[in-house]
Peer 1: 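Provided herewith is a single structure, encoded as structure tokens, for subsequent inquiry.
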Amino acid sequence: MSKPSLARGTRDFGPEIMAKRTYILDTIKFVFKKFGFLPLETPAIENLSVLMGKYGDEGDQLLFKILNSGDFLKKVKPGDLEEGTKTVLPKVAEKGLRYDLTVPFARFVAMNRHDLAMPFKRFQVQPVWRADRPQRGRYREFYQCDADVVGTDSLLCEAEIILMLHEVFGALQLKDFTVKMNNRKVLTGIAEAIGAPGRESELCVAIDKLDKIGKEKVEAELSERGFENSSIANLQTLFSLTDDIHETVATLKDWLKDSGIGQKGIEEIEEVLELVNGFGLENPKLMFDATLARGLSYYTGAIFEVKANGVQIGSISGGGRYDNLTGTFGLPDLSGVGISFGVDRIYDVLDELNLFPEDASQSTRVLLINFDSESQKACLPILSKLRSAGIASELYPTDAKLKKQFDYANKKGIPFVLVVGSEEIKMQKYSLKNMATGDQNHYTLDEIIQQINA
RNA sequence: GAGGUUGUAGCUCAGCUGGUUAGAGCACCUGAUUGUGGUUCAGGGGGUCGUGGGUUCGAACCCCAUCUUCCUCCCCA
């Protein structure tokens with residue numbers, strides 16, 4: 001007999017945690033559906049040919065590969081081993097676990113292009129796997145919760161994403177959050193404006209750390225990376241931006257007036273703002289942050305990130321627009337925009353702020369006590385009636401000691417206990433005990449249903 | 001992938017320079033109360049000290065390896 005253990009970087013979700021996670025996911029899915037997104041699930045296992053080469057060299061390393069079934073060494077020839085992993089891997093593994101939801105989605109779109117109503121809006125909530133080194137908040141198995149629209153470059157999608165973010169976090173009672181927005185084209189424009197065209201990736205890696213390490217260190221890093229002093233001096237405009245969205249737009253318009261692409265980016269942001277305004281969104285928690293640079297390797301337009309204020313935690317949601325999603329699967333020129341919710345982080349935020357509703361973990365409302373076969377028999381029709389009335393109820397399955405049965409109700413947080421003994425059966429009135437107050441009285445079944453539903 | 005860190009009862013942790021039978025709180029079980037939980041009281045069970053080697057008369061404690069935990073970097077959700 002060996003001690004059981006979890007595989008590294010994986011977790012169990014017990015009933016209590018599941019109740020809270022389900023609450024979060026149900027809220028998000030409800031909003032997705034309300035905005036016309038359709039559900040999609042794809043297999044945990046994909047062919048490695050679908051997954052490899054999509055996430056860079058590092059990504060290929062982090063893919064979980066599945067050993068071929070049967071004699072997995074069949075195709076390996078003597079001598080292959082000396083050639084190393086690159087030679088042996090394709091001969092022993094043809095499948096792997098999905099690394100994210102975007103690539104399987106792209107595969108699905110490419111395979112079903114003729115059947116899909118374009119633009120195609122889908123949401124997908126499934127676990128993904130990465131052979132990463134686990135840390136707090138980083139696991140080898142975790143859920144992604146994505147919604148994307150492909151097949152249109154309409155900025156209406158961007159506006160609707162902003163709306164969905166507000167609806168989701170509003171519904172979760174999270175009052176203090178900020179939706180940060182930027183545009184890849186603005187970043188490209190900034191690189192041009194400071195005389196370092198084409199180097200926005202490098203620029204952004206440094207700028208992105210601004211709120212973490214401060215202006216001086218960012219400047220030092222840029223200098224190290226070989227940016228001219230004049231370029232760095234030119235960035236002062238960026239460091240002096242305020243939270244006021246209209247002011248920022250005006251400042252950038254002037255700063256980037258010589259960059260066509262930069263202007264385009266600002267125009268896109270203005271149009272999105274106008275659309276959001278058109279929806280009549282009340283009290284928008286929207287900010288234009290020109291230093292926001294996440295996922296630069298594939299985002300081409302809008303970039304989003306949501307921060308929970310007052311909680312020491314990274315972003316709780318992020319997304320953006322990308323071009324050519326399905327290009328590697330033979331379907332070019334398909335633009336898409338998507339948003340992803342960080343379920344684990346949202347869980348931590350709600351937990352820390354105590355925002356989970358009381359009844360999120362409540363299941364059974366009433367427990368029927370079992371004395372003997374006689375009372376058990378009497379309980380059956382009562383159970384059925386309670387359940388027909390929509391009351392989650394259960395009968396303790398054995399005639400264990402009352403203490404044990406009451407303990408069970410206690411531990412499960414069941415608010416009512418119904419005692420059905422010989423006295424009660426005779427009277428056709430049963431003892432209903434409120435576990436919180438300790439009150440206990442005899443009621444008819446109809447009265448009991450009323451009491452429990454009250 | 002690089003560096004550091006952690007592991008003792010179901011859980012949280014004590015355990016002296018290496019020295020007899022490894023402790024506590026909580027949880028669990030039994031009884032006080034054979035038709036009533038949460039409180040109280042009395043009693044009880046539970047540990048190959050992460051695992052495998054080594055040093056030693058003797059190892060929870062020292063050494064090596066390995067797994068695990070957490071942290072920093074890289075990268076990311």
Side-chain angles (χ1 to χ4, degrees), chain A residues 1-11 14 24 55-63 85 98-102 124-146 201 205 208-209 212-213 293-299 304-307 313-320 338-349 366-372 374-375 396 399-427 430-442:
Chain A
M1 192 174 64
S2 64
K3 263 190 194 164
S5 63
L6 285 171
R8 179 168 210 205
T10 64
R11 299 161 290 171
I24 295 172
Y55 311 102
D57 285 348
E58 190 139 354
D60 286 354
Q61 281 263 304
L62 296 180
L63 280 171
T85 317
R98 79 167 93 80
Y99 181 88
D100 70 359
L101 300 180
T102 309
Q124 190 169 359
V125 181
Q126 288 188 277
V128 303
W129 294 269
R130 296 184 187 178
D132 209 351
R133 169 171 278 191
Q135 279 179 38
R136 193 227 297 276
R138 288 176 68 169
Y139 303 93
R140 289 183 146 182
E141 178 185 65
F142 61 94
Y143 276 74
Q144 285 194 336
C145 182
D146 287 12
S201 299
V205 170
D208 200 40
K209 298 177 185 163
K212 211 172 171 185
I213 62 176
R294 54 169 283 140
L296 208 68
S297 49
Y298 49 96
Y299 288 143
F304 300 109
E305 186 167 290
V306 181
K307 181 96 185 53
I313 203 161
S315 67
I316 52 177
S317 181
I339 190 72
S340 181
F341 287 86
V343 185
D344 291 305
R345 282 187 178 174
I346 293 172
Y347 183 100
D348 289 343
V349 169
V366 57
L367 175 76
L368 275 61
I369 291 286
N370 195 328
F371 282 100
D372 47 38
E374 201 60 30
S375 86
Y396 198 89
D399 57 352
K401 291 199 170 135
L402 290 202
K403 176 176 164 54
K404 193 158 195 170
Q405 301 191 43
F406 272 85
D407 259 343
Y408 175 82
N410 234 14
K411 214 170 293 177
K412 257 185 109 168
I414 299 173
F416 294 99
V417 166
L418 194 64
V419 180
V420 184
S422 49
E423 303 268 311
E424 286 86 351
I425 297 172
K426 227 177 284 168
M427 285 194 295
Y430 313 98
S431 301
L432 184 70
K433 178 159 188 171
N434 182 322
M435 293 297 278
T437 63
D439 295 341
Q440 181 169 340
N441 283 300
H442 290 276

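A, B, ... follow the sequence lines: proteins, then strands. Residue 1 opens every chain.
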Peer 1: So, does A:Asp372 use its side chain to make a donor-acceptor pair with the main chain of A:Ser375 at under 3.5 Å?
Peer 2: yes
Peer 1: Across the strands shown, which category fits A:Asn410 at heavy-atom distances under 4.0 angstrom: base, sugar-phosphate, nothing?
Peer 2: base
Peer 1: Can you tell me how far P in B:A14 sits from the matching atom in B:G50, rounded to whole Å?
Peer 2: 14 Å
Peer 1: Sequence neighbours excluded, which residues qualify as side-chain hydrogen bond (donor to acceptor under 3.5 Å, both in side chains) partners of A:Gln405?
Peer 2: none
Peer 1: Reading RNA chain B from 5' onward, which residue's closest nucleotide shows up sooner: A:Asp344 or A:Arg136?
Peer 2: A:Arg136
Peer 1: What is the distance, rounded to the nearest whole Å, between atom CG of A:Asp57 and atom P of B:C76?
Peer 2: 13 Å
Peer 1: Expressed as a whole number of angstroms, how long is the span from A:Tyr99:OH to B:A77:C1'?
Peer 2: 10 Å
Peer 1: Would you write out the dot-bracket form of RNA chain B, 5' to 3', with Watson-Crick and G-U pairs under 3.5 Å, [ ] for crossing pairs, | for pairs to other strands and . for unpaired bases?
Peer 2: ((((..(..((((.....[...)))).(((((.......))))).....(((((..]....))))))..))))....
Peer 1: What nucleotide among B:G31, B:C75, B:C71 has an atom nearest to a side-chain atom of A:Glu58?
Peer 2: B:C75
Peer 1: I'd like a table of atom pairs between the protein and nucleotides 65-69 of chain B - only N or O on both sides, under 3.5 Å - with the distance next to each one.
Peer 2:
{"from": "B:U69", "atom 1": "OP2", "to": "A:Arg8", "atom 2": "NE", "distance (Å)": "3.0"}

Peer 1: When you look at CD of A:Gln61, are more than 12 heavy atoms from neighbouring residues, nucleotides or ligands closer to it than 6.0 Å?
Peer 2: no
Peer 1: So, A:Tyr408 and A:Lys404: side-chain donor and acceptor under 3.5 Å apart, yes or no?
Peer 2: no
Peer 1: Checking A:Lys401 against A:Asp407 for the salt bridge (Lys or Arg N to Asp or Glu O under 4.0 Å) test, could you report, in this order, the C-alpha distance in whole Å, the side-chain angles of both residues, the deciding distance, and whether it holds?
Peer 2: CA-CA 10 Å; A:Lys401 291 199 170 135; A:Asp407 259 343; over 6 Å; no
Peer 1: Enumerate donor-acceptor pairs with a distance under 3.5 Å from any side-chain N or O in residues 416-425 of chain A to protein atoms, sequence neighbours excluded.
Peer 2:
{"from": "A:Glu424", "atom 1": "OE1", "to": "A:Gly421", "atom 2": "N", "distance (Å)": "3.0"}
{"from": "A:Glu424", "atom 1": "OE2", "to": "A:Ser431", "atom 2": "OG", "distance (Å)": "2.8"}

Peer 1: Separation of A:Met435 atom CE from B:U39 atom P, in whole Å?
Peer 2: 12 Å
Peer 1: Tell me the interatomic distance from A:Ile414, atom CD1, to B:G38, atom C1', rounded to whole angstroms.
Peer 2: 14 Å
Peer 1: With a 4.5 Å limit on heavy-atom distance, are the side chains of A:Arg140 and A:Arg130 in contact?
Peer 2: no
Peer 1: Would you list the protein and nucleotides 42-46 of chain B atom pairs, both N or O, that sit under 3.5 Å from each other?
Peer 2:
none

Peer 1: Of the non-hydrogen atoms in A:Arg98 and A:Leu101, which two are nearest, and what is the gap between them?
Peer 2: CD-CD2, 3.6 Å
Peer 1: Heavy atoms only, 4.0 Å cut-off, all strands: where does A:Tyr408 land among base, sugar-phosphate and nothing?
Peer 2: nothing
Peer 1: Can you tell me whether the side chain of A:Arg138 and the base of B:C70 have a donor-acceptor pair closer than 3.5 Å?
Peer 2: no
Peer 1: Could you tell me the separation between the CG atom of A:Asp407 and the C1' atom of B:U33, rounded to a whole number of Å?
Peer 2: 13 Å
Peer 1: Rounded to whole angstrom, note down the P distance from B:U5 over to B:C71.
Peer 2: 15 Å
Peer 1: To the nearest angstrom, how far is A:Lys404 atom NZ from B:C28 atom P?
Peer 2: 11 Å
Peer 1: So, does A:Arg345 use its side chain to make a donor-acceptor pair with the main chain of A:Ser315 at under 3.5 Å?
Peer 2: yes
Peer 1: If you measure from the C1' atom in B:U8 to the same atom in B:G23, how many Å do you get, rounded?
Peer 2: 10 Å
Peer 1: Check this for me: A:Asp57, atom CG, are more than 12 non-hydrogen atoms of other residues, nucleotides or ligands nearer than 6.0 Å?
Peer 2: no
Peer 1: Could you tell me the separation between the CG atom of A:Asp439 and the P atom of B:G38, rounded to a whole number of Å?
Peer 2: 17 Å
Peer 1: Shortest non-hydrogen contact from A:Tyr396 to A:Leu367?
Peer 2: N-CD1, 3.9 Å
Peer 1: State whether A:Lys411 places a side-chain N or O below 4.0 Å from either non-bridging phosphate oxygen (OP1 or OP2) of B:C28.
Peer 2: yes
Peer 1: Which value, in whole Å, describes the distance between the P atoms of nucleotides B:G46 and B:G10?
Peer 2: 12 Å
Peer 1: If the condition is ring-ring contact (aromatic ring centres under 6.0 Å, His included), which residues does A:Phe406 pass it with, not counting sequence neighbours?
Peer 2: none
Peer 1: Could you grab the distance from atom CG of A:Asn410 to atom NZ of A:Lys403, nearest 0.5 Å is fine?
Peer 2: 9.5 Å
Peer 1: Need one value for A:Gly59: base, sugar-phosphate or nothing, where a base atom within 4.0 Å counts as base even if backbone is also close, heavy atoms only.
Peer 2: nothing
Peer 1: Can you tell me, in whole Å, how much space there is between the P of B:U21 and that of B:C61?
Peer 2: 16 Å
Peer 1: Between A:Ser315 and A:Gln135, which residue's closest nucleotide on RNA chain B lies nearer the 5′ terminus?
Peer 2: A:Gln135
Peer 1: Can you check the distance between B:A2 and B:C11, where both ends of the measurement are the C1' atom (answer in whole Å)?
Peer 2: 34 Å
Peer 1: In whole Å, measure the gap between the C1' atoms of B:G7 and B:U48 for me.
Peer 2: 16 Å
Peer 1: Identify all side-chain donor-acceptor contacts of residues 131-138 of chain A below 3.5 Å with residues at least two apart in sequence or on another chain.
Peer 2:
{"from": "A:Asp132", "atom 1": "OD2", "to": "A:Arg138", "atom 2": "NH2", "distance (Å)": "2.7"}

Peer 1: Rounded off to whole Å, could you give me the CD-to-P distance for the A:Gln61 and B:A2 pair?
Peer 2: 11 Å
Peer 1: I'd like a list of close polar pairs between nucleotides 3-11 of chain B and the protein, N/O only, cut-off under 3.5 Å.
Peer 2:
{"from": "B:G3", "atom 1": "O6", "to": "A:Arg133", "atom 2": "NH1", "distance (Å)": "2.8"}

Peer 1: Taking the side chain as every heavy atom from C-beta outward, state whether A:Asp344 and A:Arg11 have any pair of such atoms under 4.5 Å apart.
Peer 2: yes
Peer 1: CG/A:Asp146 to OG/A:Ser317 distance, rounded to the nearest 0.5 angstrom?
Peer 2: 9.0 Å
Peer 1: Listed by chain and number, what are the salt bridge (charged side-chain N to carboxylate O under 4.0 Å, His left out) partners of A:Asp348, not counting sequence neighbours?
Peer 2: none
Peer 1: Pairs under 3.5 angstrom, nitrogen or oxygen only, protein versus nucleotides 34-36 of chain B, please.
Peer 2:
{"from": "B:G35", "atom 1": "O6", "to": "A:Ser422", "atom 2": "N", "distance (Å)": "3.3"}
{"from": "B:G35", "atom 1": "O6", "to": "A:Ser422", "atom 2": "OG", "distance (Å)": "3.4"}
{"from": "B:G35", "atom 1": "O6", "to": "A:Glu423", "atom 2": "N", "distance (Å)": "3.3"}
{"from": "B:G35", "atom 1": "N1", "to": "A:Glu424", "atom 2": "OE1", "distance (Å)": "2.9"}
{"from": "B:G35", "atom 1": "N1", "to": "A:Glu424", "atom 2": "OE2", "distance (Å)": "3.3"}
{"from": "B:G35", "atom 1": "N2", "to": "A:Glu424", "atom 2": "OE2", "distance (Å)": "2.5"}
{"from": "B:U36", "atom 1": "O2", "to": "A:Lys433", "atom 2": "NZ", "distance (Å)": "3.2"}
{"from": "B:U36", "atom 1": "O2", "to": "A:Gln440", "atom 2": "OE1", "distance (Å)": "3.3"}
{"from": "B:U36", "atom 1": "N3", "to": "A:Gln440", "atom 2": "OE1", "distance (Å)": "3.0"}
{"from": "B:U36", "atom 1": "N3", "to": "A:Gln440", "atom 2": "NE2", "distance (Å)": "3.0"}
{"from": "B:U36", "atom 1": "O4", "to": "A:Gln440", "atom 2": "NE2", "distance (Å)": "2.7"}

Peer 1: Partners of A:Asn370 by side-chain hydrogen bond (donor to acceptor under 3.5 Å, both in side chains), sequence neighbours excluded?
Peer 2: none
Peer 1: Which is true for A:Gly137 with a 4.0 Å heavy-atom rule: it touches a base, it touches only sugar-phosphate, or it touches nothing?
Peer 2: base
Peer 1: Give one of base, sugar-phosphate or nothing for A:Ala436, where a contact means two heavy atoms less than 4.0 Å apart.
Peer 2: base
Peer 1: Could you measure between the two C1' atoms, the one in B:U55 and the one in B:G15, and give it in whole Å?
Peer 2: 23 Å
Peer 1: Tell me, please, which residues at least two apart from A:Tyr99 pass ring-ring contact (aromatic ring centres under 6.0 Å, His included).
Peer 2: A:Tyr55
